[in-house]
Every structure is written in structure tokens, then in C-alpha cells.
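In what follows, a single structure is set out as C-alpha cells and then discussed.
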Amino acid sequence: LTLPSRGLAPASRVEPLMSNVSHHMTFCVRRAKPEDAEAACNAVRTSIEECCAEDHEGEKARLDAWLKNKSPENLRTWIRSGSHYCVVVEERSKIVGFGMAAAGELLLCYVSPEVRFRGAGKAMLQAIELWAATSGVPELKLESTRTALAFYRRNGFQIAAQLSLSLEWKGSPCLSR
């Protein structure tokens with residue numbers, strides 16, 4: 001299934017960020033710092049283990065492959081990288097999610113189970129979209145899990161292609177906005 005992409009709003013129509021912190025309800029989204037890596041990694045790994053059970057189906061090999069590069073060291077490297085835009089979402093000063101984008105692609109967007117369906121993921125996604133729009137990125141693409149597909153579609157992403165990944169998913173939708 002291929003649908004046309006809506007694209008991101010031009011930078012001229014996006015309100016500028018007031019500092020680098022965005023507040024949404026009880027959540028605060030901000031640029032990730034290297035010292036956030038361990039807590040952010042815990043949020044990502046817990047999200048994959050608990051929220052994405054439909055995708056890994058409890059199969060240890062699949063779960064291990066998915067988690068393999070989700071280490072504090074890798075997150076710290078990505079956060080320090082000039083080519084990645086990384087954010088964390090906090091609730092009451094506790095990191096409950098991590099998002100990362102680079103080169104027009106949303107690479108990671110995970111929240112802890114305790115904040116799922118409460119707006120934390122949406123707040124993080126909006127912060128990344130704002131960064132992309134103000135950085136001249138015309139379109140944001142991603143590969144979605146089955147678990148997150150409805151979330152991305154609710155937030156304006158459209159299916160652009162269907163992929164089968166090396167982790168032997170039944171098919172991972174490619175979306176764009």
C-alpha cells in the first residue's frame with residue numbers, strides 16, 4: 001500500500017521553540033544529554049520488552065536482536081553525534097521516553113509502559129517534527145512496528161511501503177509525513 005506523503009510544515013509556519021524544552025500536560029520534552037543515556041536506555045528497553053510484545057511475540061531470539069544495539073553506550077554515542085537529534089520525555093523529572101531522528105528519518109520513539117496512551121509519545125513526536133521542520137527536512141519517514149502503527153497514523157503518517165525486516169517481522173510498514 002502506497003499513499004502520498006503530506007510532508008512537514010515549512011519552517012516559516014512553525015512557531016519557534018521557546019528554549020529547547022517543550023512542555024505537554026505533565027510531560028517535559030528536551031534535548032537528550034549524554035548523562036541521560038542510562039535512564040533513556042531503560043525506558044527504551046522496557047518499552048520494547050513490554051509494549052511491543054505483539055511484535056516480538058515473546059521469542060527470545062527476536063527480542064534479543066531488537067535489543068542488541070539498545071545499550072547506554074550506544075545511546076550516549078547517538079546523543080553526542082552531530083548527525084542525530086535526540087530527545088527525552090520526562091514526567092516529574094524522571095525520564096520516561098527517548099526519541100531520535102537523523103537525515104529525515106525517525107529512528108527511535110519509545111515510551112515507558114506507565115506513560116503509554118497518556119501523551120508522552122505524542123509530545124516527543126511533536127518535538128522531533130518541529131526540529132525537522134525548522135531544520136529544513138521536508139518529510140519525516142520511519143519504519144513502524146505493528147504495535148506503533150495506529151499511533152503514527154493518528155499523528156498524520158501514511159503508509160508508503162511494506163517491508164520484511166531481517167528480524168523476521170511479518171512485515172514492517174514504512175510511513176512518511
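Reckoned from all heavy atoms, side chains included, excluding hydrogens, waters and symmetry mates. The chain is numbered in sequence order, starting from 1.
Heavy atoms only, all atoms of each residue included: Arg31 and His84 are closest at NH2-O, 4.4 Å. Contact record, Val29 with Met124: CG2-N, 3.8 Å, taken as the closest heavy-atom pair. Contact detail for Tyr85 and Val87: the closest heavy-atom pair is CE2-CG1, 3.4 Å. Taking all atoms of both residues into account, the shortest heavy-atom contact from Val111 to Val115 is CB-CG2, 3.8 Å. Between Thr145 and Ala148, the shortest heavy-atom distance links the atoms OG1-N, 3.1 Å. Taking every heavy atom of both residues into account, Leu107 and Ala102 meet most closely at CD1-CB, 3.9 Å.
Looking at heavy atoms from C-beta onward, Tyr110 lies in side-chain contact with Cys52 at the 4.5 angstrom threshold. The closest side-chain heavy-atom distance from Asp36 to Arg30 is below 4.5 Å. Two residues are said to be in side-chain contact when any heavy atoms from C-beta on lie closer than 4.5 Å; Leu108 and Lys70 meet this criterion. Counting heavy atoms from C-beta on, the side chains of Ile79 and Met100 never come closer than 4.5 Å.
A side-chain donor-acceptor contact under 3.5 Å links Thr134 to the backbone of Trp131. At distances below 3.5 Å, at least one donor-acceptor pair connects side-chain atoms of Ser81 with backbone N or O atoms of Ser83. With hydrogens and angles ignored, the 3.5 Å screen pairs no side-chain donor or acceptor of Arg80 with any backbone N or O of Pro34. Judged purely by atom type and a 3.5 angstrom limit, Thr77 uses its side chain to pair as donor or acceptor with the backbone of Glu73.
With a 6.0 Å radius and a threshold of 12 heavy atoms from other residues, nucleotides or ligands, Glu114 has its CD atom above the threshold.
From Phe157, atom CZ reaches atom CG of Leu106 across 6.0 Å, with rounding to the nearest 0.5 Å. Rounded to the nearest 0.5 angstrom, Glu91 CD and Ser112 OG are separated by 9.5 Å. Taking OG of Ser71 as the reference point, atom CZ of Arg45 lies at 8.0 Å (rounded to 0.5 Å). Going from atom CD1 of Ile159 over to atom CZ of Arg153 covers 4.5 Å, rounded to the nearest 0.5 Å.
In summary, Glu50 and Arg116 do not engage in a salt bridge, as defined by a charged side-chain N under 4.0 Å from a carboxylate O.
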